[in-house]
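A quick write-up on the structure given underneath.
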Amino acid sequence: MSDRRHPGRAAGHGLPGAGAAGAAAGTTNAPGAPVPPGADPPPALSVRSPMEPDDYPLAAPRSAPAADPRALWTPDAQHGADDHGTGTAGPQGSNGSHGAGRPDHPADATGTRPKETPAPADTGATAGPAAGVPGGSGAHGGSGTPGTLCVACRKGTVGRDGHCEHCGHAQPRERDHVESELAGAVAAVTDRGLRHHRNEDAFALCETALPDGTPAVAAVVCDGVSSATRPDEASAAAAAAARESLPAALRAGTPVRQALHDALVAAGTAVTTLSGVDGKSYRYGEPRPHQNAPACTIVSALLSGDELTVGWIGDSRVYWVPDDRTAPARLTEDDSWAAQMVAGGLLTEREAYADPRAHAITGWLGADAYELAPHIATFLPDRPGVVIVCTDGLWNYAESAGEMALAVPADARTRPLHGAQALVGYALDGGGHDNVTVAVLPFSGAPSGAAEPAGEATA
C-alpha cells in the first residue's frame, strides 16, 4: 500500500440518525418526522472535535406505526457453505463481503486501508496465541480442544492436530463461534461466517458500578483488518485491553466519557505493541517500517444509569432500536472513504457507496495508523429498547437503522443472548460473507437501585 496517512476530518462529519449534534458542538436538536422502516433519519451537521459534543438526546418522536420485527432465526436454519443468500443487503465489500459488481480489493487512497484479503485455505490450525481462545467467564465456543469428543462422528476424540482420531474430521476452532452473557445485562455472539477461514472479530463484556452505586454495563466489539498481518490477534488484544481498562477506571471515579476514551486508547496501545513497537512511547505518524502492522477497528457502548455513551474508531457500528420500533437510529458514523466524501460534500451518498473505495477505512488501531482519536458521544434514550453493537459482518445486511430494527427480534430486550444469536443468524442467512459479531445491551429506563460489580467476559 503506497500511503496510509489520515486525511483528517471535515466539519459537518456529524453523527447520523435521530438526536445527532446541532450546528455547534455541545448543542442538541430535536428529531424531525418519524422515519419509515428502511430509511435513516436525516443527518444533522456538527463540528468535529477530538472529543464529541456532550449529549445527543433521543427525544420522543411523533406517533408512527411500529415495524414488525423479522421472523426469529433458529439454529436449525440451513446455512450451507455455498449459500449466497440475498438478505437485506446494504453496501458490501469490506472485510470479506463481496458486493455485486465490486472488486475484492478497494483501491488505495490517501489515508485509507482496504479491509480485505483473499482467505488462504483453512488448514485447521490456529494462528497465533490469540486465536481459538474465547476466554472470560460465561464465554463458550467450538470443540477443537485436544481430547474432546468429535462434533462429527461423536465417537472419536480430537487429536493435537485438531482432527478427529476416529473419522479424521477437522474440528471447529474455539474462536469460530463464541457466545457470552452477563446475567441478562448484556450478551454477545461472534461467528466466523460462511466464507472466511478464521474468525478475526473479538468482543469483551463487562459490568461494574460507579462510585455512587450507579450500575454500568459495556460491550466492546473489534474487527480485525484482513489486509493486515495477524488481524485475529489485533482484535483479541484490543478487546482484552479495553475490558481491563474500562471497569477499573469507572470504579475509580473517572468520568464515563473519559473512561471510555481511555479504554479505546489502551486498546490502540495494545495493538500497536503487537508490531514490536512500544505503544506507550510511540507517537502516531512516526515514519517507521511497520509493513502491514496488525490492525483492527473498535466500537463500544456503555450504559450507565439513564445515559448511553458510545465510542469508536473505524467502521463497526452502534444502533439504537426502541421496543416500539419508532425512530430507530444509527449512533456512529464510519471512518471510511465513502463517509468522508459525503461529509465533505464531494459526492452524494449514492455516488460514494457505488465507488470501489467506499468501504476502505480511514481510521483504525495499529502501529501504522496516522493518529489515535476516538469518537465519543453520549445519548439519553427516552424509552425501553436495545443497543446493538456490531461489526460490518452484520450491518452489510441491515445497513439503515430501519433495516436493523426489522432484523432485531421483538423480545431482544428481555432475551439479549437470543437476540444476538438471531442477528448472527440473519447475517448468515444473508450470505455470511464476513465474520460477524453482535452485542445486545437492553435498556429498560433509569435503574431504580444500585448494582454491585458482577463480572467481566471476553472473546
Side-chain angles (χ1 to χ4, degrees), residues 128-141 174-175 178-183 185-190 199-210 215-224 231-254 256-274 279-280 294 296-304 308-314 316 318 365-366 372 374 376 387 389-391 416-417 420 437-441 451-459:
V133 184
S137 62
H140 54 90
E174 286 183 306
R175 211 167 150 181
V178 183
E179 301 180 358
S180 183
E181 184 175 29
L182 291 181
V186 60
V189 177
T190 184
N199 192 354
E200 297 168 358
D201 287 359
F203 68 79
L205 309 177
C206 61
E207 187 177 20
T208 186
L210 306 183
V217 59
V220 179
V221 169
C222 301
D223 185 352
D232 53 329
E233 294 182 44
S235 61
R243 182 199 57 167
E244 181 179 355
S245 171
L246 186 56
L250 292 173
R251 289 193 293 265
T254 304
V256 171
R257 288 169 58 86
Q258 187 63 48
L260 185 56
H261 177 276
D262 293 348
L264 268 59
V265 171
T269 298
V271 177
T272 296
T273 303
L274 290 178
K280 294 182 179 179
C296 70
T297 68
I298 188 169
V299 64
S300 180
L302 168 64
L303 282 169
S304 54
L308 167 62
T309 306
V310 299
W312 74 98
I313 299 174
S316 294
V318 176
L365 305 181
L372 186 61
I376 306 294
V387 179
V389 187
C390 64
T391 60
L417 180 57
T437 302
V438 183
V440 177
L441 290 85
E452 295 296 324
E456 300 172 0
T458 188

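Just so we're clear, the structure is a prediction, and the values are computed from it rather than from any experiment.
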Show the numbers, then the answer: is there a side-chain contact (heavy atoms from CB on, under 4.5 Å) between Arg243 and Val220? CA-CA 8 Å; Arg243 182 199 57 167; Val220 179; over 6 Å; no

For the atom pair CG (Asp232) and SG (Cys222), what is the distance rounded to the nearest 0.5 Å? 12.5 Å

Nearest heavy-atom pair of Arg175 and Glu233: which atoms, and what distance? NH1-N, 4.5 Å

Run the side-chain hydrogen bond (donor to acceptor under 3.5 Å, both in side chains) test against Thr190 and tell me which residues pass, sequence neighbours left out. Asn199, Thr437

Minimum heavy-atom separation for Pro247 and Ala242, please, with both atom names. CD-O, 4.2 Å

Sequence neighbours left out, what passes side chain to side chain contact (heavy atoms under 4.5 Å, CB included) with Ala185? Give chain and number order. Glu207, Val217

Evaluate the criterion side-chain contact (heavy atoms from CB on, under 4.5 Å) for residue pair Leu441 and Val186; output intermediate values, then yes/no. CA-CA 5 Å; Leu441 290 85; Val186 60; 3.6 Å; yes

Set out, in order, the CA-CA distance, both residues' side-chain angles and the distance that settles side-chain contact (heavy atoms from CB on, under 4.5 Å) for Val310 and Val299, then state yes or no. CA-CA 7 Å; Val310 299; Val299 64; 5.9 Å; no

Side chain to side chain contact (heavy atoms under 4.5 Å, CB included) filter on Ala218, not counting sequence neighbours, yields Cys206, Leu246, Leu302

Spacing of CD1 belonging to Ile298 relative to CG belonging to Asp223, to within rounding of 0.5 Å: 11.5 Å

For Ala263 and Ser245, work out which heavy atoms get closest and say how close. CA-OG, 3.6 Å

Find out whether Val318 and Val389 are in side-chain contact, i.e. whether some heavy atom of one side chain is under 4.5 Å from a heavy atom of the other. yes

Smallest separation among heavy atoms of Leu210 and Ala216, with atom names: CD2-CB, 4.2 Å

side-chain contact (heavy atoms from CB on, under 4.5 Å), that's the test. Do Ser235 and Asp201 meet it? Break it down for me. CA-CA 6 Å; Ser235 61; Asp201 287 359; 5.6 Å; no

For the OG atom of Ser300 and the CD1 atom of Ile313, what is their distance to the nearest 0.5 Å? 11.5 Å

CG/Leu182 to CG/Leu417 distance, rounded to the nearest 0.5 angstrom? 10.5 Å

Between Leu365 and Val271 the two heavy atoms that sit nearest each other are O-CG1, 3.6 Å

Got a second to check how far Ile376's CD1 is from Leu264's CG, nearest 0.5 Å? 5.5 Å

Tightest non-hydrogen contact, residues Ala301 and Val387, listed as CB-CG1, 3.9 Å

